[in-house]
Amino acid sequence: MASSGAESTSRRSVHRSLGGGAVADVLLWRRRNVAVAAAVGSTAMWVLFELTGYNFLSVMANAFLLLVCILFFWAKSASLLNRPLPPLPNLEVSDAFVEKAAKEANQWVNRVLGIAHDIAIKRDRNLFLRVILVLWLVSYVGSFFNFLTLLYIGTMALLVVPAMYEKHQDKVDEKVVLAHRQLSRHFDSFVTRTEQPRKEKKTE
C-alpha cells in the first residue's frame with residue numbers, strides 16, 4: 001500500500017511538472033486516443049513532406065484552398081436548399097488565451113535576456129561554457145537533420161520520454177544524479193585548469 005501511494009505521488013508530481021492540464025494528459029498517454037492521433041499525424045506529416053518531397057507551403061495552401069471552396073459551396077447550397085449552414089465554431093481567440101501566451105513568452109524572453117546579462121555583464125564563466133556547449137550540441141545535431149526531421153524527432157520524444165520517465169522514474173533519477181555528479185566533477189576540473197594560467201600571469 002505504501003509503495004502504491006508513493007508511486008501515485010510520483011506520477012502526480014510528473015503530471016504537475018508538465019503543467020497538470022490536457023497537454024500533460026496527452027504527453028503521459030492518459031488521453032490515449034489523442035496521443036495516438038498526435039503520433040500518427042506527426043508521422044504522416046513527416047512522411048508526406050520528407051519522403052515524398054512535397055513542399056510544406058504549397059500543400060498547406062492547397063489544403064486551405066480546398067477547405068475554403070468546400071465551406072463556400074456548402075453555405076451557398078444550404079441557403080438555396082434550406083439546409084443548415086456548416087457547423088463552424090466561433091473562430092476567435094479569447095483574451096485569456098492571448099494573455100496567458102504573452103505571459104509565457106515574456107517569462108522565456110526574460111530568462112534568455114537574464115542569461116545574456118550574466119554572461120556579458122557578470123562574466124559568468126561557468127554559464128558561458130554551458131551555453132557554448134548547448135549551442136554546439138544543437139549545431140552538431142542539426143548538421144545531421146533538416147528542420148522538419150528535428151521537429152518530428154522532438155515531437156516523438158515529447159510523446160515518449162515523459163511517459164517512460166513516469167514509468168521508470170526512480171531508476172532514471174538515480175542514473176541522472178550519478179551522471180550529473182560525474183559531469184560536474186569534470187566540468188569543475190576543466191574550469192580550474194582554464195583559470196590557473198590567468199592566476200599565474202597575475203602573480204607574475
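Treat the numbers as computed from the prediction; the structure is a model and nothing was measured.
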Exercise. Dump the intermediate steps for side-chain contact (heavy atoms from CB on, under 4.5 Å) on E166 and R30, then the final yes or no.
Key: CA-CA 12 Å; E166 184 188 37; R30 297 181 180 179; 2.9 Å; yes
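- Although no hydrogens or angles enter the test, the distance criterion places a donor-acceptor pair under 3.5 Å between the side chain of T155 and the main chain of L151.
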For residues 107-119, please give each side-chain donor-acceptor pair under 3.5 Å, one per line with the distance, not counting sequence neighbours.
| from | atom 1 | to | atom 2 | distance (Å) |
| --- | --- | --- | --- | --- |
| N110 | ND2 | N106 | O | 3.2 |
| N110 | ND2 | N106 | OD1 | 3.3 |

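- Q182 meets the side-chain contact (heavy atoms from CB on, under 4.5 Å) test with R185, H186; sequence neighbours excluded.
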Taking distance alone, no hydrogens or angles, what donor-acceptor pairs closer than 3.5 Å link side-chain atoms of residues 31-51 to residues at least two apart or in another chain?
| from | atom 1 | to | atom 2 | distance (Å) |
| --- | --- | --- | --- | --- |
| S42 | OG | A38 | O | 2.7 |
| T43 | OG1 | A39 | O | 2.9 |
| T43 | OG1 | Y152 | OH | 3.0 |
| W46 | NE1 | T149 | OG1 | 3.3 |
| E50 | OE1 | N146 | ND2 | 2.9 |
| E50 | OE2 | N146 | ND2 | 3.2 |

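- In the hydrophobic clustering of ILVMFWY residues, with side-chain heavy atoms under 4.5 Å counting as a link, L159 and V161 come out apart.
- With rounding to the nearest 0.5 Å, the separation of NZ in K171 from NE2 in H168 is 7.0 Å.
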What side-chain donor-acceptor pairs closer than 3.5 Å can you find for residues 63-77, not counting sequence neighbours?
| from | atom 1 | to | atom 2 | distance (Å) |
| --- | --- | --- | --- | --- |
| S77 | OG | F73 | O | 3.0 |
| S77 | OG | W74 | O | 2.9 |

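- Side-chain contacts under 4.5 Å among hydrophobic residues (ILVMFWY), followed directly or transitively, place M164 together with V160.
- Between L27 and P162, the closest heavy-atom pair is O-CB, 4.1 Å.
- Grouped with W136 in one hydrophobic cluster are L133, L137, Y140, V141, F144, F145, L150, I153, the linkage being side-chain heavy-atom contacts under 4.5 Å among Ile, Leu, Val, Met, Phe, Trp and Tyr residues.
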